[in-house]
Every structure is written in C-alpha cells, then in structure tokens.
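Heavy atoms only: backbone and side chains are in, while hydrogens, waters and symmetry mates are out.
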Amino acid sequence: DRFSTRAESGLSKLVMTDVEQARQKFRAAVDAKQIGEAKSIFSVLKGVLIDFESLPPMLIETPNAQYERMLAREVYEYAVLLSIHDSDKESFQKYVATLQPFYITNFSDVLPPSDKKCIVMGLHLLYLLVENRLSDFHCTVSILFVVYVLTCLETSQPEFFFPKFPTHPFQKLELLSEEELRHPALTFCTQLDRHLMVGCYDQVMAASVEPPVECYAFFLKFLLEAIRINIGDCAEVSYKSLTLHGAQDVLMFNSIEETKSFIRSNYEHWEISGDTINLHAQKVQKADEVPSQRLIASSLTYATELERIV
C-alpha cells in the first residue's frame with residue numbers, strides 16, 4: 001500500500017524515498033547474484049512502475065516524468081542481468097523488448113545516457129547469434145531495426161499514445177549511435193559475427209576466453225557448443241575415424257575428458273575404442289544422404305534474408 005500512495009504533483013516524498021531504497025537494494029542484490037532476494041524486490045518495483053503514466057505506451061508528461069523513466073530504465077536493465085544470472089532466456093527476451101523504447105533516439109535524448117545500454121544490447125546481439133537470427137542481428141547493428149506500429153490508428157488522436165513519436169505508423173529510429181557501436185561490449189559481438197561468417201572458429205574460441213563483460217559467458221557457452229556441434233558434423237562427413245587427441249584438437253577442447261564428455265552428450269553413435277573414435281559405427285554417412293528439398297528450402301530462405309538486409 002505504501003508504494004501506491006500518490007501526491008497530486010506526482011510521487012510523494014515518502015513514496016519516492018521508499019522507491020529509491022528498493023531501487024538500491026535491487027541493484028545490490030543483482031550485483032551480488034542473490035537471485036531470490038532480487039526477484040522479490042523486483043516484483044515490488046514492477047508494481048510501482050505499472051502505475052507510472054509517463055512510461056510507454058501512455059508517455060504522459062507528469063511532474064516526475066524524467067525520474068520515473070530513468071527509474072524504469074534502470075530497473076529493467078538490472079532485470080535483464082537478473083534473468084541472465086537466473087538462466088531465464090524467456091524473461092531476458094521480455095525485458096530487452098521492454099527497454100527498446102528507452103533506447104531509441106527520440107526518447108533517449110531527454111534522458112541522461114545509460115551505462116548499461118551497451119551491455120544490454122551486447123547481450124541481445126549475442127542472443128541473436130546463438131539463436132541464428134542473423135537478419136535481426138545485422139539490422140540491429142546497422143541501426144535500421146526498430147519499427148513502431150501504432151495500434152491506435154482508428155482513433156482521431158494517435159499522438160495521445162505516442163506524443164514523442166511521429167504519428168506515421170512506420171518509422172525507422174536509431175537504436176545505437178555510431179559512438180555506441182564502437183563500445184567494447186558491442187565490437188566484441190560484431191567481431192564474433194565476422195569470425196563466424198568466415199569460419200574462423202578458433203578466433204571465436206579465443207575471444208570467448210576473455211569477454212568484455214562477465215555475464216556474456218551465459219550465451220557464449222551456447223554459442224561454443226553450437227560451433228563444436230557444427231565442427232563435429234563436418235568431421236563426421238570428412239573422416240571415418242579420429243584419434244582422441246585429434247578429436248580434442250579439432251573440437252578445440254583443453255582435455256581428453258572434456259572431449260569424451262562432449263561426444264557422449266552429442267554424438268552417442270560415435271564409438272570410442274581405446275585411443276580411436278569410429279565416427280560411423282552406427283550411422284550412415286551423411287554424404288550418402290542428399291536432402292534436396294531441405295537444401296532448396298534453405299537456399300530460398302538465405303536469399304530472402306539477404307534481400308531483407310540489402
């Protein structure tokens with residue numbers, strides 16, 4: 001109840017003090033990776049934010065609009081980090097999407113810069129790479145992707161819902177400035193993409209050892225596993241057998257045990273006998289199977305994605 005109390009001119013001083021304390025506790029809990037406590041505080045803060053008319057989609061200029069928008073932006077940025085600590089991809093996607101209106105140029109110009117923006121967008125780019133959503137990745141990097149569709153076109157005053165935005169239903173807005181694109185948290189992602197495009201998997205592995213942000217490790221482990229599976233599929237077509245040390249080198253592991261664990265998890269049909277791995281012990285060679293329809297469909301999909309990017 002204390003969080004829902006309002007003064008006519010905006011949040012009362014008492015409520016603002018309580019909210020500020022909750023905000024600081026939430027930040028500290030997320031930084032300390034105290035997931036349970038952070039979730040509890042976040043649920044309280046969400047109850048506060050939902051009453052703010054200054055936030056999207058209303059965007060009403062209340063007396064405390066700037067403070068409320070800064071509070072919401074910071075809370076959702078830390079919610080993104082909390083979802084990473086909690087290994088919750090679904091919540092991660094939701095909170096990144098919630099932050100998009102706070103990052104576009106027409107809105108961010110009235111707020112002080114956020115020191116978490118580049119980290120959040122870097123995590124988003126890594127997520128797109130892991131999910132193989134390359135067209136979305138390149139659209140975001142190229143500052144071409146944020147399209148707003150006004151759902152109130154039937155009304156006579158659509159600007160009531162988006163007073164800060166043009167009333168035209170489709171508007172390209174900047175998500176990242178040129179300066180932000182040079183931030184280490186973002187250049188790391190664009191360099192990974194270049195390495196992946198040319199197949200320099202060893203450079204991806206080397207870069208993943210020291211990411212610019214600690215929380216990048218969550219998505220990097222999925223990316224590295226996908227790379228190793230791709231390498232394993234190629235090795236299966238190229239070789240009939242490999243030595244364990246050869247497989248370790250090809251899959252870029254640091255030890256034989258890591259190599260064996262990966263093979264057991266992803267290639268159960270590979271037979272390990274002593275120091276030798278039989279890659280075709282229980283499976284027909286993929287080279288003998290030519291899925292023409294799937295290849296045609298994939299080629300058409302690639303052509304469509306390239307056309308979107310261009």
Side-chain angles (χ1 to χ4, degrees), residues 3 19-50 52 55-56 67-104 107-108 111-131 133 136-137 140-141 146 175-177 179-193 207-225:
F3 284 111
V19 170
E20 189 62 29
Q21 289 177 353
R23 171 192 190 180
Q24 294 175 4
K25 289 180 180 178
F26 179 55
R27 292 178 55 174
V30 173
D31 289 338
K33 299 182 181 179
Q34 298 172 347
I35 297 174
E37 182 179 354
K39 283 184 174 180
S40 177
I41 300 173
F42 181 47
S43 64
V44 174
L45 288 171
K46 282 194 294 185
V48 175
L49 298 179
I50 201 170
F52 288 170
L55 305 183
Y67 171 80
E68 291 169 355
R69 290 165 184 168
M70 289 176 59
L71 172 67
R73 183 182 66 183
E74 182 177 291
V75 167
Y76 285 119
E77 285 173 340
Y78 275 87
V80 167
L81 300 179
L82 174 60
S83 65
I84 294 295
H85 297 329
D86 196 31
S87 303
D88 187 348
K89 284 187 180 181
E90 185 177 347
S91 294
F92 170 81
Q93 296 176 68
K94 178 170 65 176
Y95 298 136
V96 168
T98 303
L99 282 167
Q100 302 307 306
F102 295 92
Y103 289 162
I104 57 179
F107 194 55
S108 61
L111 296 178
S114 167
D115 60 350
K116 290 287 187 294
K117 176 181 177 180
C118 290
I119 295 175
V120 170
M121 293 310 304
L123 286 166
H124 179 53
L125 292 176
L126 274 181
Y127 169 76
L128 295 177
L129 281 179
V130 169
E131 296 295 317
R133 291 168 52 183
D136 289 345
F137 177 93
T140 302
V141 172
V146 171
L175 191 61
L176 297 168
S177 68
E179 181 179 355
E180 288 168 337
L181 283 172
R182 293 192 292 270
H183 192 282
L186 295 173
T187 56
F188 176 81
C189 301
T190 55
Q191 288 172 358
L192 282 184
D193 177 57
S208 66
V209 174
E210 295 184 0
V213 184
E214 180 185 355
C215 55
Y216 279 17
F218 174 69
F219 286 122
L220 284 173
K221 68 180 180 182
F222 293 107
L223 182 62
L224 298 185
E225 183 174 3

Participant: Can you check whether Phe188 reaches Leu192 side chain to side chain, under 4.5 Å on heavy atoms?
Facilitator: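 Touching, per the 4.5 Å side-chain cut-off.
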
Participant: Scan Val120, Leu99, Leu55 and name whichever one has a side chain to side chain contact (heavy atoms under 4.5 Å, CB included) with Arg73.
Facilitator: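 Only one of Val120, Leu99, Leu55 forms a side chain to side chain contact (heavy atoms under 4.5 Å, CB included) with Arg73, namely Leu99.
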
Participant: Would you indicate whether the side-chain heavy atoms of Cys215 and Ile119 approach each other to under 4.5 Å?
Facilitator: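 Sidechains of Cys215 and Ile119: in contact.
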
Participant: Drop me the distance from Phe26's CZ to Ser40's OG, to the nearest 0.5 angstrom.
Facilitator: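 Answer rounded to 0.5 Å: 10.5 Å.
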
Participant: Can you list the residues that meet the side chain to side chain donor-acceptor pair (under 3.5 Å) rule with Lys94, with sequence neighbours excluded?
Facilitator: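 If we apply the side chain to side chain donor-acceptor pair (under 3.5 Å) test to Lys94, skipping adjacent residues, there are no hits.
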
Participant: In Å and rounded to the nearest 0.5 Å, what is the CG to OG distance from Leu220 to Ser208?
Facilitator: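 Atom-to-atom, Leu220:CG and Ser208:OG are 6.0 Å apart.
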
Participant: Restricting to non-hydrogen atoms, name the atom on Leu45 and the atom on Val19 that form the minimum distance, rounded to 0.1 Å.
Facilitator: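 Shortest heavy-atom contact: CD2-O, 4.3 Å.
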
Participant: Would you give the length of the straight line joining atom CD1 of Ile84 to atom CZ of Phe92, rounded to the nearest 0.5 angstrom?
Facilitator: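 CZ of Phe92 is found 5.0 Å from CD1 of Ile84.
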
Participant: Return the orientation label for the His124 and Tyr127 ring planes: parallel under 30°, perpendicular over 60°, tilted otherwise.
Facilitator: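 Correct class here is parallel.
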
Participant: In Å, rounded to the nearest 0.5 Å, how long is the span from CG of Leu223 to CZ of Phe218?
Facilitator: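 CZ of Phe218 is found 13.0 Å from CG of Leu223.
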
Participant: Would you find a donor on one side and an acceptor on the other, under 3.5 Å apart, between the side chain of Lys117 and the backbone of Tyr103?
Facilitator: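 Yes, because the side chain of Lys117 sits within donor-acceptor range (under 3.5 Å) of the backbone of Tyr103.
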
Participant: Measure across Arg69 and Phe102 and return the closest heavy-atom pair with its distance rounded to 0.1 Å.
Facilitator: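 Result for this residue pair: O-CE2, 3.6 Å.
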
Participant: How far does OG1 of Thr98 sit from NZ of Lys46, to the nearest 0.5 angstrom?
Facilitator: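 Answer for the OG1-NZ pair, Thr98 versus Lys46, is 9.5 Å.
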
Participant: Is there side-chain contact between Leu129 and Asp193, with at least one heavy-atom pair below 4.5 Å?
Facilitator: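 When only atoms from C-beta onward are counted, Asp193 and Leu129 do touch, with a gap below 4.5 Å.
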
Participant: Do Tyr76 and Leu49 have side-chain heavy atoms sitting under 4.5 Å apart?
Facilitator: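 They are in side-chain contact.
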
Participant: So that I can tick it off, tell me whether Lys25 and Glu37 are bridged by a salt bridge, with the cut-off set at under 4.0 angstrom between side-chain N and carboxylate O.
Facilitator: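 Result for this pair is no, no salt bridge flagged.
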
Participant: Lys89 versus Glu131: any side-chain heavy-atom pair under 4.5 Å?
Facilitator: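 They are in contact (side-chain heavy atoms under 4.5 Å apart), so the answer is yes.
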
Participant: When rounded to the nearest 0.5 angstrom, what distance separates CD in Gln34 from NE2 in His85?
Facilitator: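 So the CD of Gln34 and the NE2 of His85 are separated by 11.0 Å.
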
Participant: If you compare all heavy atoms of Phe137 against all heavy atoms of Leu125, which two are closest, and at what distance to 0.1 Å?
Facilitator: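 Closest approach of Phe137 to Leu125, heavy atoms only: CD1-O, 3.5 Å.
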
Participant: If you compare all heavy atoms of Pro212 against all heavy atoms of Ala185, which two are closest, and at what distance to 0.1 Å?
Facilitator: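 Shortest heavy-atom separation between Pro212 and Ala185 comes out as CG-CA, 4.1 Å.
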
Participant: Write down the atom of Val30, the atom of Ala38, and the distance for their closest heavy-atom approach.
Facilitator: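 Nearest heavy atoms, Val30 then Ala38: CG2-CB, 4.0 Å.
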
Participant: Are any non-hydrogen side-chain atoms of Lys116 and Leu81 less than 4.5 angstrom apart?
Facilitator: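 Lys116 vs Leu81: side chains touch.
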
Participant: Quick one: does Leu186's side chain get under 4.5 Å of Thr190's, heavy atoms only?
Facilitator: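 Result no, sub-4.5 Å side-chain heavy-atom pair not found.
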
Participant: Closest approach of Tyr216 and Pro211, non-hydrogen atoms and distance?
Facilitator: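 So the two residues come closest at CB-CB, 3.9 Å.
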
